[in-house]
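Data first, discussion second: the structure below is written as structure tokens.
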Amino acid sequence: PGTIVRVHGDPSRAPHAPIPEGRTLLLFPHPDAAEISAEMGQSTSPPILIIPDGTWQQAKRMVRRDPLAKNAEMVRLPEGQTT
């Protein structure tokens with residue numbers, strides 16, 4: 001409930017309203033990334049989860065260019081979980 005999906009980087013789409021304030025998480029397989037958990041979503045405002053779509057090389061470039069992703073907390077899926 002309350003989930004908003006935004007596609008970033010598609011010039012054919014209309015611009016979106018600004019991203020709301022909240023804990024920003026980036027799904028990224030970095031060695032220092034914390035395992036994502038339900039507790040990460042327990043706050044007064046819902047978390048913002050950025051999920052890059054592309055190869056990991058493309059995702060690395062996106063993280064360097066996008067200020068929201070650049071400042072996000074990196075998280076990974078639990079061991080053995082693929083979806």
Side-chain angles (χ1 to χ4, degrees):
T3 300
I4 300 169
V5 176
R6 297 182 185 202
V7 178
H8 180 73
D10 183 351
S12 68
R13 292 181 181 255
H16 296 289
I19 299 288
E21 294 289 321
R23 184 175 186 181
T24 305
L25 307 171
L26 172 67
L27 188 62
F28 200 82
H30 190 273
D32 296 332
E35 188 173 287
I36 195 166
S37 67
E39 291 78 33
M40 290 179 169
Q42 294 177 350
S43 68
T44 56
S45 60
I48 299 160
L49 178 61
I50 301 171
I51 304 173
D53 182 22
T55 67
W56 289 121
Q57 277 301 69
Q58 292 168 328
K60 285 180 192 176
R61 285 194 300 275
M62 187 267 308
V63 170
R64 286 193 301 263
R65 291 185 206 148
D66 186 326
L68 187 64
K70 193 177 198 175
N71 295 318
E73 176 184 347
M74 288 189 202
V75 294
R76 61 179 171 76
L77 293 175
E79 200 63 41
Q81 181 119 14
T82 58
T83 57

Practice prompt. Of all the heavy-atom pairs spanning Leu77 and Ile36, show the shortest one and how long it is.
Written response: CA-CG2, 4.3 Å
Item to complete: Compare every heavy atom of Leu25 with every heavy atom of Ala72, then report the nearest pair and how far apart it is.
Response: CB-C, 4.1 Å
Worksheet item: Under 3.5 Å, side chain of Asn71 to main-chain N/O of Pro67, donor-acceptor pair present?
Response: yes
Item to complete: Write down the atom of Ile50, the atom of Leu68, and the distance for their closest heavy-atom approach.
Response: CD1-CG, 3.9 Å
Fill in: Met62 to Leu26 - nearest heavy-atom pair and separation
CE-CD1, 4.3 Å
Worksheet entry | Over all atoms of both residues, closest heavy-atom pair of Met40 and Glu35 | CE-O, 3.4 Å
Worksheet, complete the sentence: Correct closest heavy-atom pair for Phe28 and Arg76 would be O-CB, 4.2 Å
Worksheet item: Between Gln57 and Thr55, is any side-chain donor less than 3.5 angstrom from a side-chain acceptor?
Response: no
